[in-house]
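Here's the structure we're looking at; comments come further down.
These figures come from a predicted structure and were not determined experimentally. Hydrogens, waters and symmetry mates play no part in the numbers below; they use all other heavy atoms, side chains included. Indexing begins at 1, ligand by ligand and atom by atom, following the structure's order.
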Amino acid sequence: MIGAGGIGGYYGARLQQAGHEVVLVARGEHLAAMQRQGLRVEHQEFHFAQPVRALDLTTLRETCASGDFDLVVLAMKSQATGPLMAELADWLAASEVPVLSLQNGVDNEPLISEVVGEERTLGGLAVRIGGHIVAPGLVQADGPAQVIMGAWPQRRSAQADWLEQLRQCFELAGIPTQVAVDIRRELWRKLIINNGVNPLSALSGLDTRRLSHHPQLGRSVYQMMTETAAVAEADGVALGKTDVDEMYALIRNFDAIKTSMLVDKEKGRELELDAISGAVLRRAEQLGLEVPATRLAYGLLQLRD
Ligand SMILES: NC(=O)C1=CN([C@@H]2O[C@H](COP(=O)(O)OP(=O)(O)OC[C@H]3O[C@@H](n4cnc5c(N)ncnc54)[C@H](OP(=O)(O)O)[C@@H]3O)[C@@H](O)[C@H]2O)C=CC1
Ligand SMILES: CC(C)(CO)C(=O)C(=O)O
């Protein structure tokens with residue numbers, strides 16, 4: 001699990017609890033705390049406090065072979081994907097291990113597949129979860145914490161059995177998991193949510209519930225969601241009002257959580273802005289479409305970043 005933060009720490013703990021041998025890759029104080037006292041995860045239905053095997057990236061490369069693993073999962077912020085894949089290219093080339101992204105954004109899988117090829121690339125996303133490092137070695141998570149995954153860029157029948165086995169492993173570990181036929185479409189549907197709430201939550205300081213129910217900002221959320229759906233066409237994905245309405249209802253009815261971008265903003269960390277609003281702006285330019293709300297939020301956050 002590369003990037004064992006809010007998402008990687010939660011799913012990694014679930015898998016270890018179910019008996020899998022998990023290696024967590026992290027850095028800084030969080031890594032030091034996990035090495036010293038293990039990882040703690042607090043979730044309404046899942047409490048974990050165990051020693052874990054936690055390494056930095058260099059130690060992973062030097063002490064493990066990629067072929068030691070059944071699966072490599074990426075759970076860092078999306079701006080880290082390109083540099084990380086470059087750093088791990090030789091290490092990954094020594095085996096056939098598949099690489100699954102659980103990150104937000106629609107540009108991670110092409111970067112992974114450039115290095116390991118499409119046959120080894122799995123697209124994926126963490127859905128209906130809010131998970132954050134609240135202190136070094138401590139992750140707090142909310143929500144049913146599901147996973148949607150699938151062969152990149154689309155279902156390949158040769159992988160169907162293996163993906164089904166992986167789905168069952170995740171399910172047995174308490175991770176409700178779906179295999180998607182068209183993972184690119186699922187990634188775009190998730191981007192509707194992320195571009196809808198992440199930038200505005202980072203600007204306003206509001207959690208998802210207060211933001212999406214706010215009389216003015218709630219409408220801006222809907223507008224940014226609509227802008228996202230409109231530009232998906234640039235990637236050959238047809239999304240419409242039904243998708244926007246579904247994602248809008250999902251976030252309005254979901255637990256009140258801080259978005260990952262708001263948490264990064266509060267901690268003074270780099271924002272995942274390029275992978276979320278930047279991805280929408282780039283496609284809008286390609287299509288010659290105006291996305292004024294996204295452009296405004298992006299501009300304001302760039303000033304603050
Ligand atoms: N948090 C959430 O609720 C949700 C997040 N997501 C998505 O999941 C992905 C992960 O988010 P999240 O869990 O919040 O991220 P976090 O920032 O909590 O965790 C990522 C961890 O990876 C570490 N890391 C990054 N690069 C390296 C590296 N080269 N070597 C070792 N460690 C590294 C980070 O360290 P450092 O802190 O030093 O950078 C951090 O500890 C993102 O794409 C996010 O959008 C999706 C759904 C919900
Ligand atoms: C909005 C949310 C919580 C949805 O899971 C998310 O993906 C994030 O915070 O980045």
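- Closest heavy-atom approach to atom 14 (O) of ligand 1 within the set Lys77, Glu87, Glu29, Met76: this belongs to Lys77.
- Among protein heavy atoms, atom 6 (C) of ligand 2 sits closest to Asn194 ND2, 3.3 Å.
- Checked by atom type, the side-chain pair Gln146/Gln178 shows no donor-acceptor distance below 3.5 Å.
- The closest side-chain donor-acceptor pair between Ser78 and Glu272 falls under 3.5 angstrom.
- Ile133 counts as a contact of ligand 1, since one of its heavy atoms falls under 4.0 Å from the ligand.
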**OP:** Could you walk me through whether Leu281 and Thr294 pass side chain to side chain contact (heavy atoms under 4.5 Å, CB included), step by step?
**Re:** CA-CA 7 Å; Leu281 282 176; Thr294 301; 4.2 Å; yes
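- Contact check for Val221 versus Leu211: side-chain heavy atoms found under the 4.5 Å cut-off.
- Of the N or O atoms in Leu84, none lie within a sub-3.5 Å distance of an N or O in ligand 1.
- Which of Met1, Arg27, Gln103 comes nearest to atom 30 (N) of ligand 1 through a heavy atom is settled by distance: it is Arg27.
- The N/O atoms of Leu57, backbone and side chain alike, include none that comes under 3.5 Å of an N/O atom in ligand 1.
- The aromatic rings of His43 and Tyr10 sit tilted relative to each other, their planes meeting at an angle between 30° and 60°.
- Within the 4.0 Å heavy-atom criterion, neither part of Glu272 lies near ligand 2.
- With hydrogens left out, the protein atom closest to atom 13 (O) of ligand 1 is Ile7 N, 2.8 Å, a heavy atom.
- Of all atoms in ligand 1, numbered sequentially from 1 with element shown, those under 4.0 Å from a heavy atom of Lys190 are 46 (C), 47 (C).
- Taking only non-hydrogen atoms, the option from Arg128, Met34, Arg269, Glu272 nearest to atom 36 (P) of ligand 1 is Arg269.
- Where the criterion is an N or O separation shorter than 3.5 Å, residue side chain and backbone included, Lys258 fails it with respect to ligand 2.
- The closest approach between a heavy atom of Lys258 and any atom of ligand 1 is not below 4.0 Å.
- For the pair Gly130 and ligand 1, a heavy-atom separation below 4.0 Å is found.
- An N or O contact shorter than 3.5 Å links Gly131 to ligand 1 by distance.
- Using a 4.0 Å cut-off between a side-chain N of Lys or Arg and a carboxylate O of Asp or Glu, Asp107 and Arg283 qualify as a salt bridge.
- Leu250 places a side-chain heavy atom less than 4.5 Å from the side chain of Arg128.
- No side-chain donor-acceptor contact under 3.5 Å links Asn198 and Ser201.
- We find that Arg282 and Asp274 are joined by a salt bridge, their nearest charged nitrogen and carboxylate oxygen being less than 4.0 Å apart.
- Atom CZ of Arg210 sits in a sparse spot, with 12 or fewer heavy atoms from other residues, nucleotides or ligands closer than 6.0 Å.
- Which of Ile276, Ile257, Thr259 comes nearest to atom 3 (C) of ligand 2 through a heavy atom is settled by distance: it is Ile257.
- Residue Lys190 has at least one nitrogen or oxygen atom sitting less than 3.5 Å from a nitrogen or oxygen atom of ligand 2, judged on distance alone.
- Shown are Val22, Val41, Val147; of these, the side-chain contact (heavy atoms from CB on, under 4.5 Å) with Tyr11 is made only by Val147.
- Taking every non-hydrogen atom of Leu102 and a distance limit under 4.0 Å, the qualifying atoms of ligand 1 come out as 8 (O).
- Among protein heavy atoms, the minimum distance from atom 7 (C) of ligand 1 is reached at Asn104 ND2, 3.5 Å.
- Shown in contact with Ala26 at under 4.0 Å from a heavy atom are these atoms of ligand 1, numbered in order with element: 31 (C), 32 (N).
- Heavy-atom proximity to His132, at under 4.0 Å, picks out these atoms of ligand 1: 1 (N), 2 (C), 3 (O).
- Considering only heavy atoms from C-beta on, Gln103 stays 4.5 Å or farther from Lys77 through its side chain.
- Numbered from 1 in the order shown, with element, the atoms of ligand 2 that lie under 4.0 Å from a heavy atom of Ile129 read 3 (C), 5 (O).
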